[in-house]
Amino acid sequence: MIEKVVPLTAENMQQCIDLYLDVFTKKPWDEPWTEESAKERLTDLLNTPKFMGYLFYDKGNLIGMIAGHAKKSYSGMTFYVAELCVSASVQGKGYGSAILSRFENELQRHDINSLYLLTATGGAAQAFYERNGYTVNDQRVVLKKSFV
């Protein structure tokens, strides 16, 4: 299924940008990313302290990526998954679950004892994470304030 896993680096950033645009500018997200804004987003992420990210390949094709950063919490190290995307051409075929599983194992090898992420409420992404053992944290709430 997944043939090769490589760290996300500045050298393979263009592949990440292309994948990011392929995933997030289409349904269900339909977000207005441009190559420039995606590059800035992913470059900022890459330069975050305690960054960790990987690209996943099958049959020589990039099929997914996951990235974020670790941080200290009162209970030890935790990891924030900032980005997980799977190529639209292979979604629904188990690649996302395989990526999560491999990444969770890698985090445990780095003594990271929990992870968290944000996703859209009530959609396919939330259902995907719940199928993979994630739960809605009833002790936290996401708050937002817009200036536009």
Side-chain angles (χ1 to χ4, degrees), residues 1-71 77-137 140 142-148:
M1 179 180 245
I2 294 174
E3 293 176 344
K4 182 170 82 168
V5 180
V6 300
L8 193 164
T9 64
E11 288 74 32
N12 55 29
M13 180 62 70
Q14 188 59 52
Q15 292 178 29
C16 298
I17 294 166
D18 294 342
L19 177 64
Y20 198 85
L21 292 172
D22 178 56
V23 172
F24 291 114
T25 61
K26 296 177 181 169
K27 291 200 178 300
W29 306 106
D30 288 322
E31 296 173 342
W33 290 98
T34 64
E35 183 154 341
E36 183 178 301
S37 62
K39 180 179 182 179
E40 182 176 350
R41 164 82 174 152
L42 295 171
T43 300
D44 286 350
L45 182 58
L46 177 67
N47 292 314
T48 303
K50 298 180 183 151
F51 167 83
M52 190 183 308
Y54 294 96
L55 306 181
F56 297 81
Y57 295 84
D58 187 33
K59 299 177 184 142
N61 297 312
L62 177 62
I63 54 94
M65 65 170 264
I66 191 167
H69 63 277
K71 63 182 184 178
M77 292 300 287
T78 190
F79 193 89
Y80 170 62
V81 176
E83 300 296 345
L84 167 61
C85 56
V86 175
S87 174
S89 65
V90 298
Q91 287 180 8
K93 298 181 179 178
Y95 287 102
S97 295
I99 288 169
L100 269 179
S101 178
R102 282 185 161 200
F103 192 66
E104 290 166 0
N105 289 335
E106 182 68 14
L107 293 176
Q108 290 174 43
R109 282 193 288 279
H110 285 87
D111 293 323
I112 295 171
N113 59 24
S114 65
L115 66 88
Y116 69 100
L117 55 87
L118 303 173
T119 195
T121 304
Q126 181 178 347
F128 163 78
Y129 288 113
E130 288 175 345
R131 281 193 310 274
N132 281 280
Y134 291 71
T135 59
V136 174
N137 186 336
R140 301 284 188 263
V142 176
L143 301 170
K144 176 184 174 184
K145 182 176 184 178
S146 294
F147 299 107
V148 182

Asks: Closest heavy-atom contact between Val23 and Val86?
Replies: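 Nearest pair, atom of Val23 first, then Val86: CG2-O, 3.2 Å.
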
Asks: Would you mind telling me which of Arg102, Glu3, Met1 makes a side chain to side chain contact (heavy atoms under 4.5 Å, CB included) with Phe56?
Replies: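 Running side chain to side chain contact (heavy atoms under 4.5 Å, CB included) over Arg102, Glu3, Met1 with Phe56 returns exactly one hit, Arg102.
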
Asks: Taking C-beta and beyond as the side chain, do Tyr129 and Leu84 meet within less than 4.5 Å on heavy atoms?
Replies: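 They are in side-chain contact.
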
Asks: Could you check whether Thr34 and Glu36, counting side-chain N and O atoms only, form a donor-acceptor pair closer than 3.5 Å?
Replies: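 The criterion, which ignores hydrogens and geometry beyond distance, is not satisfied for Thr34 and Glu36.
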
Asks: May I ask you to test the Leu62-Ser87 pair for a side-chain heavy-atom distance under 4.5 Å?
Replies: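 With C-beta onward as the side chain, the pair stays apart.
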
Asks: To the nearest 0.5 angstrom, please state how far the CE atom of Met13 sits from the CG atom of Leu46.
Replies: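 So the CE of Met13 and the CG of Leu46 are separated by 4.5 Å.
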
Asks: Could you tell me the separation between the CD1 atom of Ile66 and the CG atom of Leu115, rounded to the nearest 0.5 Å?
Replies: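 Answer rounded to 0.5 Å: 7.5 Å.
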
Asks: List the steps, then state whether side-chain contact (heavy atoms from CB on, under 4.5 Å) holds for Thr48 with Asp44.
Replies: CA-CA 6 Å; Thr48 303; Asp44 286 350; 5.6 Å; no

Asks: Where is the tightest heavy-atom contact between Pro7 and Asn12, given as atom of each residue plus distance?
Replies: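 That closest heavy-atom pairing would be O-ND2, 3.0 Å.
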
Asks: Keeping the roles fixed (side chain from Asp22, backbone from Asp18), state whether a donor-acceptor pair exists under 3.5 Å.
Replies: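 Answer holds: no.
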
Asks: State the CG-SG distance between Leu21 and Cys85, to the nearest 0.5 angstrom.
Replies: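 Atom-to-atom, Leu21:CG and Cys85:SG are 9.5 Å apart.
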
Asks: Would you check if the side chain of Thr9 reaches a backbone N or O of Glu11 as a donor-acceptor pair within less than 3.5 Å?
Replies: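 Side chain of Thr9 to backbone of Glu11, a donor-acceptor pair under 3.5 Å: yes, one is there.
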
Asks: Can you tell me if Asn137 and Tyr116 form a side-chain donor-acceptor pair at under 3.5 Å?
Replies: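 On atom types as modelled, these side chains do not qualify, holding no pair under 3.5 Å.
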
Asks: Could you state the interatomic distance from NZ (Lys4) to CG (Asn61), rounded to the nearest 0.5 Å?
Replies: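 With rounding to 0.5 Å, NZ (Lys4) is 10.5 Å from CG (Asn61).
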
Asks: Working to the nearest 0.5 Å, report the span between NZ of Lys71 and OG1 of Thr78.
Replies: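 Result: 7.5 Å between the selected atoms.
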
Asks: Would you call Leu107 and Met77 a side-chain contact if the rule is heavy atoms closer than 4.5 Å?
Replies: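 Not touching, per the 4.5 Å side-chain cut-off.
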
Asks: Between Thr119 and Phe128, is any pair of side-chain heavy atoms under 4.5 Å apart?
Replies: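 Answer no - side chains too far apart.
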
Asks: Considering non-hydrogen atoms only, spot the tightest contact between Ala70 and Ile112 and give its length.
Replies: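 In terms of heavy atoms, the two residues are closest at CB-CD1, 3.9 Å.
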
Asks: Hydrogens and angles aside, do Glu31 and Trp29 bring a side-chain donor and acceptor to less than 3.5 Å of each other?
Replies: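 The answer is no; no qualifying pair exists.
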
Asks: Does the side chain of Val136 come within less than 4.5 Å of Glu130's, by heavy atoms?
Replies: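 In contact.
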
Asks: Considering all heavy atoms of both residues, which atom of Tyr80 and which atom of Leu117 are nearest to each other, and what is their separation?
Replies: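 Nearest pair, atom of Tyr80 first, then Leu117: CE1-CA, 4.2 Å.
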
Asks: What distance separates Tyr54 OH from Leu8 CG, expressed to the nearest 0.5 Å?
Replies: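 Reported to 0.5 Å precision, the distance equals 10.5 Å.
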
Asks: Answer yes or no: is there a side-chain heavy-atom contact under 4.5 Å between Leu42 and Met65?
Replies: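 Leu42 vs Met65: side chains touch.
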
Asks: Do Tyr57 and Gln15 touch side chain to side chain, with heavy atoms closer than 4.5 Å?
Replies: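 Yes. Closest side-chain heavy atoms under 4.5 Å.
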
Asks: I want to know whether His69 and Phe51 have ring centres closer than 6.0 Å.
Replies: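 When the ring centroids of His69 and Phe51 are compared, they turn out to be at least 6.0 Å apart.
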
Asks: Let's go through Phe24 and Arg41 carefully: what are the C-alpha distance in whole Å and the side-chain angles of both, what is the deciding distance for side-chain contact (heavy atoms from CB on, under 4.5 Å) to 0.1 Å, and is it a yes or a no?
Replies: CA-CA 13 Å; Phe24 291 114; Arg41 164 82 174 152; over 6 Å; no

Asks: With side chains defined as the heavy atoms from C-beta onward, is the minimum distance between Val90 and Asp58 less than 4.5 Å?
Replies: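 Contact flag for Val90/Asp58 side chains = no.
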
Asks: Check Ala38 against Ile17 and note the closest heavy-atom contact, atom names and distance.
Replies: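 Scanning both residues, the minimum pair turns out to be CB-CG2, 4.2 Å.
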
Asks: Taking everything shown except Gln14 itself, do over 12 heavy atoms lie less than 6.0 Å from its CD?
Replies: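 Above 12, so yes.
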
